[in-house]
Amino acid sequence: MFSVVHGFSVPKSVRKRGAARLAAAAVVTGLVAGSAIAGAGAAVADTPGQQHQGGAVATIKGLDPDASDRAVIHQQGGDRPVAAGLFQMVVDGGGTLRTYCIDIHNPTQQAAKYQETPWSGTSLSGNPDAGKIRWILEHSYPQVNDLTALAKSAGLKGQLTNGTAAAATQVAIWRFSDHVQVDAVDGQAKDLADWLTKSAQSVDEPKASLTLDNPAVSGKAGTKLGPVTVRTNADKVSVTPSEELKAAGIKVVDKAGKVVTGAKNGSQLFFDVPAGAQPGSGTLSVQATTQVPVGRAFASESKSQTQILAGSSDSTVTAVAKATWAKQGAIPAVSAMKNCAKGGVDITATNKGDEAFTFKLAGFTYTIGAGKSKTVTVPVAEDQAYDFVITGPNGFKQEFKGVLDCKTGTGTTTPSSQPSPASAGGTSSGGSTGGDLAETGSSSSTPMIAGIAVALVAIGGGAVFFLRRKKAGTAGH
């Protein structure tokens, strides 16, 4: 049974994107590891710091000037013009994505890096209308590329262009993602947005393009560690062991013990650790080329506005799993995942050793027995940048960092006369889509919130969790 930390007084953040961004700050102390983690592993090149669950990683280029048009937000104090349409992203390793914004009051940041993310780690978590957004994506532009057919389905009398169809789709999405009063300026686009809003039905979240179940495993030398299960929509994936695995004589095998270099959806992978292997850690990576499913969310670790996928070319997708092995003692494996429903980050530790692993958290003591697991939710304020580092003896290190971005903007900011380099209410990179359109979101003077410090202090070779104060990127002008 997993145990979730309780007893915290989690502050309610005050979210304002504009001249100032304020949030309640909390300091959680007294996270003390109560027992040693024996044989956690030799120093190795670690996996990427973000708790990426796998899939596509991409860099945003900006709003597509050929697939965008004008819209207006109806808000207290007067209507606010914005640009609405499709964004373009370039995938690491090859491929392109087209996305819509699902955070109207937050700007995009130039060349921001995005990761394919479960809805549970974004503002879609707990949004009862999230499934309707996916329906809109599947029944409008660019998935429906025949604009004559789209206009006919919506009962429109006039014609659509790529720009007006994209603007209408974005407007309908904003009504469900941000629950704002917003309309397209073009008459045909306004009618299409109204039809999409009225017709939308709830559809389940799409599965990831590529992810691994059980991405952190541990166990004794002389056994097969796992399974790590592949989940993908690709026909096949390549499987590559890290140099640390190769140096330790560890092979990646299937359930029958056969060495594998490729896998498919549902394949189970194991780390075959020789009995004489010295304590250590290593990773395997899986990679494929596939189209990312429509409706997957994309989140940035730099507070750039969250996006949702409208279309994908064949793109490179990746995922990584880590193994830790030792001969005796407590042998933990650690993974992390954002949990917007609980306002924090879930840190899951599994102990496959022969000794219990005990730690204290804010006066509470938690013990992970041999062969047991426990999940601890570390509270993090909204908009807060965090950096958890978990260390153990023999140079073992695991890091998870990011920004908790679980809410959409409040819409209380004052529009700027100059758009950001790439924003829903501004320009694409290198050009304007409407000279007098105001920026959607904050200015470059927006400060990052004061940090939360969360420490898990080691005793006798235990784990260390700490949170460093970060400064997020800003939207330039």
Within the 3.5 Å criterion, strictly below it, is a donor on [X] or [Y] matched to an acceptor on the partner's side chain?
X	Y	value
Ser281	Thr324	yes
Thr232	Asn265	no
Tyr114	Ser304	yes
Thr290	Asn233	yes
Gln115	Thr117	no

Looking at [Y], is its backbone amide N or carbonyl O close enough to the side chain of [X] to form a donor-acceptor pair, meaning the two atoms are under 3.5 Å apart?
X	Y	answer
Ser315	Gly95	no
Thr316	Thr289	no
Arg98	Ser312	no
Ser267	Lys264	yes
Glu301	Val403	yes
Asn339	Lys342	yes
Ser123	Lys407	no
Asn214	Pro227	yes
Glu382	Cys406	yes
Trp119	Gly126	no

As an exercise, state the distance from [atom1] of [X] to [atom2] of [Y], rounded to the nearest 0.5 Å.
X	Y	atom1	atom2	value
Ile102	Phe176	CD1	CZ	14.0 Å
Gln181	Trp174	CD	CH2	15.0 Å
Leu97	Gln307	CG	CD	10.0 Å
Trp325	Ile331	CH2	CD1	11.5 Å
Cys101	Leu86	SG	CG	11.5 Å
Gln305	Ser177	CD	OG	10.0 Å

At their closest point, which heavy atom of [X] faces which heavy atom of [Y], and how far apart are they?
X	Y	value
Val292	Ala56	CG2-CB, 4.0 Å
Leu269	Ala263	CD2-CB, 4.2 Å
Phe298	Met89	CB-CE, 4.4 Å
Gly343	Leu404	C-CD2, 3.8 Å
Leu309	Val294	O-CG1, 3.5 Å
Val273	Ala221	CG1-CA, 3.8 Å

Non-hydrogen side-chain atoms of Ile308 and Leu137 separated by less than 4.5 Å:
yes
Is the shortest heavy-atom distance from the side chain of Gln268 to the side chain of Asp254 under 4.5 Å?
no
[X] with [Y]: basic N within carboxylate O range, under 4.0 Å:
X	Y	value
Lys220	Asp354	yes
Asp92	Lys113	yes
Arg296	Glu116	yes

For a side-chain contact (heavy atoms from CB on, under 4.5 Å) check, start with the C-alpha distance between Gln53 and Met337, then their side-chain angles and the critical distance, and finish with the verdict.
CA-CA 8 Å; Gln53 302 302 305; Met337 179 182 291; 3.3 Å; yes
Is there a side-chain contact (heavy atoms from CB on, under 4.5 Å) between Val376 and Asp346 once you walk through the steps?
CA-CA 6 Å; Val376 175; Asp346 286 344; over 6 Å; no
Test log, rule side-chain contact (heavy atoms from CB on, under 4.5 Å), inputs Lys61 and Val90:
CA-CA 7 Å; Lys61 290 180 61 180; Val90 178; 3.3 Å; yes
Going through the checks in order, is the side-chain contact (heavy atoms from CB on, under 4.5 Å) test met by Thr283 and Leu245?
CA-CA 7 Å; Thr283 63; Leu245 293 185; 5.9 Å; no
Tell me, with the steps shown, if Glu355 and Lys372 meet salt bridge (charged side-chain N to carboxylate O under 4.0 Å, His left out).
CA-CA 11 Å; Glu355 295 179 6; Lys372 302 295 183 179; over 6 Å; no
